[in-house]
Amino acid sequence: MRRPRPLDKVGSIKAKWSIVIVAAVGVTAVVSQVGYYLGWPVWIRPIISAALALIAVQFLAHGMTMPLRQMARGAREMATGDYKRRVTVTSADEVGQLAESFNRMAAELAEVDRAQKEFVANASHELRTPVAALRSHLENLVDHVSAPDPETLATMLAQAEHLSKLVVQLLDLSRLESTVEDRPGELVAVGVLLKQVVDEAELLHPASLISLTTSGPLGVLADESRLHQLFTNIIGNALRFAPMGSEVSVQAEGRDHDVVVMVRDQGPGIAPQDQARVFERFWQADGSALTGGGGAGLGLAICKRIVERHGGTIRITSNKPEGACVTVTLPSRPNP
Ligand code: ADP
């Protein structure tokens, strides 16, 4: 059975120690007085007082330092990569608050550790596939099983390009996640930037049908190359998933203190239950890896980091009657 902790409800260590000291002094004084009236020998009174004061302190202070010992053990275990230990929080004082923070930190570290392991596993898996394919083609060439004809070389080149795109995306994502840069401060006209991205997309996809509508002054403080990368990615996805001949619409407008950009397509869209997951690293809808030009599910994860770095938000919803609508909201340039 758990021993009672009478001071658990007291909200400060200072108050707890004051109570403990007052109790010890009180017990000593009472025992001395009682001993005096009962005629106990002088030498025995302090011994009994000390013993009873000690019992009182033990009773009152029971469990006060236990969370600290548990935290010390937990911290040692964390240093070896074990994040399982949690501290039992029973008191309302600073030690209790510290224990709660420790438990939260341990849970967050465990989650970061899990995500990191999953990321490494996914990255290795994604890298292994094109490397294995490239290697088997090269082995065939070396062993003269196949000839270096243009078709084989083109396949190998495609695999090398896929590999190189993956490595670039992984490096980019890790840079965006690990470095803490100052908020970018270049004034970017979103309307002009979108026109440029749309023109480039039309050059790359001559059969595509992209409409661009912008309204109002659309200035944001941003890193222009990152915004270019963001919109190229989103418009590229829309073009990839939109059926041939259908229109991809890009619309930008100023709303309150924000610039809102919406990219709509008439492709298969994303099921509502998956709409938050598309921004996770390596997430891809079933079968979408087969859609030409796709990557490994890192594009939207990179987009999310870019938008967050600019203090904005990105979300994907369903377009009516069909397709996907990606909405990017960025804080507009503050008034001088
Ligand atoms: P990938 O480079 O593999 O396409 P992304 O992060 O850009 O990676 O996209 C992740 C997944 O989100 C895609 O594989 C696809 O399943 C889905 N997706 C992204 N954009 C669209 C869109 N416009 N329409 C339908 N699905 C989309």
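Order of listing sets the numbers, starting from 1, for every ligand and every atom in it. These values consider heavy atoms only, across backbone and side chains, with no hydrogens, waters or symmetry-generated copies. Residues take their numbers from the sequence shown, with the count starting at 1.
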So, is [X] polar-close to ligand 1, with some N/O to N/O distance under 3.5 Å?
X: Gly299; answer: yes
X: Leu300; answer: yes
X: Asn237; answer: yes
X: Ala285; answer: yes
X: Asp265; answer: yes

### Task
Could you name each residue pair satisfying side-chain hydrogen bond (donor to acceptor under 3.5 Å, both in side chains) that touches residues 76-85, not counting sequence neighbours?
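Residue pairs passing side-chain hydrogen bond (donor to acceptor under 3.5 Å, both in side chains), neighbours aside: Glu77-Arg85, Asp82-Lys84.
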### Task
Only pairs at least two apart or in different chains count here, so list each side-chain hydrogen bond (donor to acceptor under 3.5 Å, both in side chains) that has a residue in residues 118-132.
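Passing the test, one end in residues 118-132: Arg114-Glu118.
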### Task
Check Leu298 against ligand 1 and report side chain, backbone, both or neither, counting heavy atoms closer than 4.0 Å.
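The part of Leu298 near ligand 1 is the backbone, not the side chain.
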Counting heavy atoms only, which of [options] comes nearest to [atom]?
atom: atom 18 (N) of ligand 1; options: Ile270, Val278, Ile302; answer: Ile270
atom: atom 3 (O) of ligand 1; options: Lys304, Gln284, Gln266; answer: Gln284
atom: atom 8 (O) of ligand 1; options: Gly297, Ala238, Ala242; answer: Gly297

### Task
Scan Thr329, Val261, Val307 and name whichever one has a side-chain contact (heavy atoms from CB on, under 4.5 Å) with Ile314.
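For Ile314, the side-chain contact (heavy atoms from CB on, under 4.5 Å) test succeeds with only one of Thr329, Val261, Val307, which is Val307.
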### Query
Of all the atoms in ligand 1, which lie at a distance below 4.0 Å from a heavy atom belonging to Ala296?
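Every atom of ligand 1 under 4.0 Å from some heavy atom of Ala296: 3 (O).
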### Message
Closer than 4.0 Å to some heavy atom of Arg240 - which atoms of ligand 1 meet that?
### Response
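In order of number, 1 (P), 2 (O), 4 (O).
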### Query
Is there a side-chain contact between Asn237 and Leu300, using heavy atoms and a 4.5 Å cut-off?
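Counting from C-beta outward, Asn237 and Leu300 do come under 4.5 Å.
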### Query
If you group Ile, Leu, Val, Met, Phe, Trp and Tyr by side-chain heavy-atom gaps below 4.5 Å, do Leu212 and Val220 land in one group?
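As far as the 4.5 Å side-chain criterion goes, Val220 and Leu212 are connected within one cluster.
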### Query
If you count the non-hydrogen atoms of other residues, nucleotides and ligands that lie under 6.0 Å from CD in Glu151, is the total more than 12?
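Open: at most 12 neighbouring heavy atoms sit under 6.0 Å from CD of Glu151.
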### Task
Might you confirm whether atom CZ of Arg86 has over 12 heavy atoms from other residues, nucleotides or ligands at distances under 6.0 Å?
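Yes, CZ of Arg86 has more than 12 neighbouring heavy atoms, counting only those of other groups under 6.0 Å.
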### Query
Closer than 4.0 angstrom: is that true for some heavy atom of Gly267 and an atom of ligand 1?
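So Gly267 does not count as touching ligand 1.
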### Task
Any chance you could measure Asn319, atom CG, to Ser249, atom OG, to the nearest 0.5 Å?
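If I round to the nearest 0.5 Å, the distance is 7.0 Å.
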